[in-house]
Amino acid sequence: MSFGKRYDPDDIATWLAEQSKFAAGGNRIEPFRPAFRNAGTDKLQIESDLRRALERKEISMVYQPIVRAADSSIYGYEALLRSKEPYLGSPQRILAAAEILGRLEEVGRAVRTSVAQTMREHRDRLEVIFINLHPHELNSTLRLHEDPLLSFAPRVILEVTERASLQDGPRALEQLRRLRNLGYRVAVDDLGEGYAGLSSLVTLQPDFVKLDMSLVRGLHQAPLKIDIVDAIIDLAHRSGLTVVGEGVEVLEEHAVLVSLGCDLLQGYYLGRPSPPFCDVLSPKQRKQ
Ligand code: G
Ligand code: MN
């Protein structure tokens with residue numbers, strides 16, 4: 001659904017809820033909270049919440065470790081958006097609100113400025129940073145040559161979903177090509193979730209694929225999932241792609257992904273999103 005100049009309050013509330021569901025992924029549907037409905041029924045309220053959150057720097061970044069499956073050493077971190085603002089608490093809501101209000105560019109830039117600042121402060125580190133790009137940012141609003149992250153491009157992996165190529169078509173693909181030329185690498189996020197099918201490997205030609213956590217969840221108890229993940233890893237490796245297993249929560253999921261040859265792993269089992277830069281949990285600290 002798209003909005004013109006007029007905002008219907010109920011439409012906004014419904015749309016925001018849908019966006020939360022969409023952004024949260026298939027099995028991560030957020031409950032519809034009445035408090036949010038009230039907040040969402042007033043465009044001015046959402047707008048002022050977002051403006052305040054941006055001004056007061058209530059939007060911040062946390063970093064979750066991504067480790068090598070082979071030895072659990074840290075390969076990099078995914079930068080994730082967090083907000084202390086009560087109504088726009090989840091990253092999905094911040095992005096949905098920014099999208100409706102036409103302020104995605106500003107939020108995206110605030111995110112990349114913050115990540116660049118952190119990378120500057122930790123110049124001695126060599127790990128890479130995975131950062132989520134909103135599909136709409138892949139249109140012409142992304143000012144590539146003056147982006148705050150530009151000088152770190154070789155250490156930045158941009159996560160995109162297939163929604164990008166579906167919505168913006170050739171323009172998004174052209175934008176990705178230009179980003180690659182600047183030294184950034186690309187990951188397809190949430191592979192296996194509704195909006196990111198295998199065709200995204202063909203259209204987006206990424207360097208990395210991130211298996212959606214719905215494929216990882218309960219992997220050890222689902223022979224069919226094991227077969228699917230096995231096939232995806234095999235396919236990805238044949239094309240020279242690196243595979244990241246997301247949302248690893250328990251020992252058994254970890255063990256199956258390692259045995260299937262998944263290259264990199266991410267999830268609460270290995271480390272939660274935290275201020276820059278936490279260590280991976282030691283085997284003793286991991287939940288059994
Ligand atoms: O869509 P994307 O893959 O970028 O989503 C990442 C989100 O998943 C983050 O909000 C992060 O906090 C969350 N997350 C990271 N690891 C885990 C995990 O092990 N389990 C669950 N349920 N969520 C996780
Ligand atoms: Mn991601």
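Along the sequence shown, residues carry numbers from 1.
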J.: Report the distance from atom CG of Leu219 to atom CE of Met213, rounding to the nearest 0.5 Å.
T.: 14.0 Å
J.: Would you say the side chain of Arg51 lies within less than 4.5 Å of the side chain of Arg103, judging by non-hydrogen atoms?
T.: yes
J.: Quick one: closest heavy-atom pair of Ser114 and Met61, and the distance?
T.: OG-CG, 3.3 Å
J.: If only atom types and distance count, is the side chain of Arg272 paired as donor or acceptor with the main-chain N or O of Gln64 below 3.5 Å?
T.: no
J.: Please evaluate residues Arg52 and Glu55 with respect to the criterion salt bridge (charged side-chain N to carboxylate O under 4.0 Å, His left out), reporting the C-alpha separation (whole Å), side-chain torsions for both, the decisive distance (0.1 Å), and the verdict.
T.: CA-CA 5 Å; Arg52 206 179 46 238; Glu55 273 165 15; over 6 Å; no
J.: Is it true that a side-chain atom of Glu159 and a backbone atom of Leu133 form a donor plus acceptor pair closer than 3.5 Å?
T.: no
J.: Looking only at heavy atoms, which two atoms of Ala236 and Val209 are closest? And how far apart?
T.: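 Heavy atoms only, the tightest pair is CB-CG2, 4.2 Å.
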J.: Are any non-hydrogen side-chain atoms of Leu150 and Tyr184 less than 4.5 angstrom apart?
T.: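 The answer is yes; the side chains approach within 4.5 Å.
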J.: Atom NZ in Lys210, atom OG1 in Thr242: separation rounded to 0.5 Å?
T.: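 Those atoms lie 12.5 Å apart.
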J.: Between Asp147 and Leu182, is any pair of side-chain heavy atoms under 4.5 Å apart?
T.: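 They are not in contact (no side-chain heavy atoms under 4.5 Å apart), so the answer is no.
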J.: Show the nearest heavy-atom pair for residues Pro148 and Thr113, with the distance to one decimal.
T.: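 Residues Pro148 and Thr113, closest heavy atoms: CG-OG1, 3.4 Å.
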J.: Considering all heavy atoms of both residues, which atom of Gly261 and which atom of Ile233 are nearest to each other, and what is their separation?
T.: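 Minimum heavy-atom contact is O-CG2, 3.9 Å.
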J.: Is Arg286 close to Leu270 at the side-chain level, that is, under 4.5 Å between some pair of heavy atoms?
T.: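 A side-chain contact under 4.5 Å exists here.
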J.: Show, in sequence, the C-alpha distance, side-chain angles and deciding distance for Leu215 and Ile232, and conclude whether the side-chain contact (heavy atoms from CB on, under 4.5 Å) test is met.
T.: CA-CA 11 Å; Leu215 284 176; Ile232 294 176; 3.9 Å; yes
J.: Okay, side chain of Asp207, backbone of Val186: is any donor-acceptor separation there less than 3.5 Å?
T.: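 Side chain of Asp207 to backbone of Val186, a donor-acceptor pair under 3.5 Å: yes, one is there.
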J.: When you measure from the side chain of Arg112 to the backbone N and O of Ile131, does any donor-acceptor pair fall under 3.5 Å?
T.: no
J.: Hey, is the main chain of Thr161 close enough, under 3.5 Å, to the side chain of Asp189 for a donor-acceptor pair?
T.: no
J.: Share the residues that join Val244 in a hydrophobic cluster, the rule being Ile, Leu, Val, Met, Phe, Trp or Tyr side chains under 4.5 Å apart at the heavy-atom level.
T.: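 When side chains under 4.5 Å apart are linked, the cluster holding Val244 also contains Ile66, Tyr75, Val128, Phe130, Ile157, Phe208, Leu264.
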J.: Decide yes or no for Leu201 and Leu191: does some side-chain heavy atom of the first lie under 4.5 Å from some side-chain heavy atom of the second?
T.: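 Yes, their side chains come closer than 4.5 Å.
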J.: Who pairs with Asp230 by side-chain hydrogen bond (donor to acceptor under 3.5 Å, both in side chains), at least two apart in sequence or on another chain?
T.: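 Not a single residue meets the side-chain hydrogen bond (donor to acceptor under 3.5 Å, both in side chains) criterion with Asp230.
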J.: Can you list the residues that meet the ring-ring contact (aromatic ring centres under 6.0 Å, His included) rule with Phe277, with sequence neighbours excluded?
T.: Tyr63, Tyr77, His122
J.: Which atoms form the tightest heavy-atom contact between Cys278 and Ser274, and what is the distance?
T.: SG-OG, 3.7 Å
J.: Would you check if Leu126 and Arg155 make a side-chain contact, meaning some heavy-atom pair closer than 4.5 Å?
T.: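 A side-chain contact is absent here, since even the closest heavy-atom pair is not under 4.5 Å.
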J.: For the pair Glu106 and Arg109, find out whether any cationic side-chain nitrogen is under 4.0 Å from an anionic carboxylate oxygen.
T.: no
J.: With a 4.5 Å cut-off on side-chain heavy atoms, are Lys225 and Val256 touching?
T.: no
J.: Side chains of Val258 and Leu265: closer than 4.5 Å at any heavy-atom pair?
T.: yes
J.: Quick one: closest heavy-atom pair of Leu80 and Pro273, and the distance?
T.: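 Looking at all heavy atoms of both residues, the closest pair is CD1-CG, 3.8 Å.
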J.: Quick check for you: to the nearest 0.5 Å, what is the distance between Leu95 atom CG and His134 atom NE2?
T.: 5.5 Å
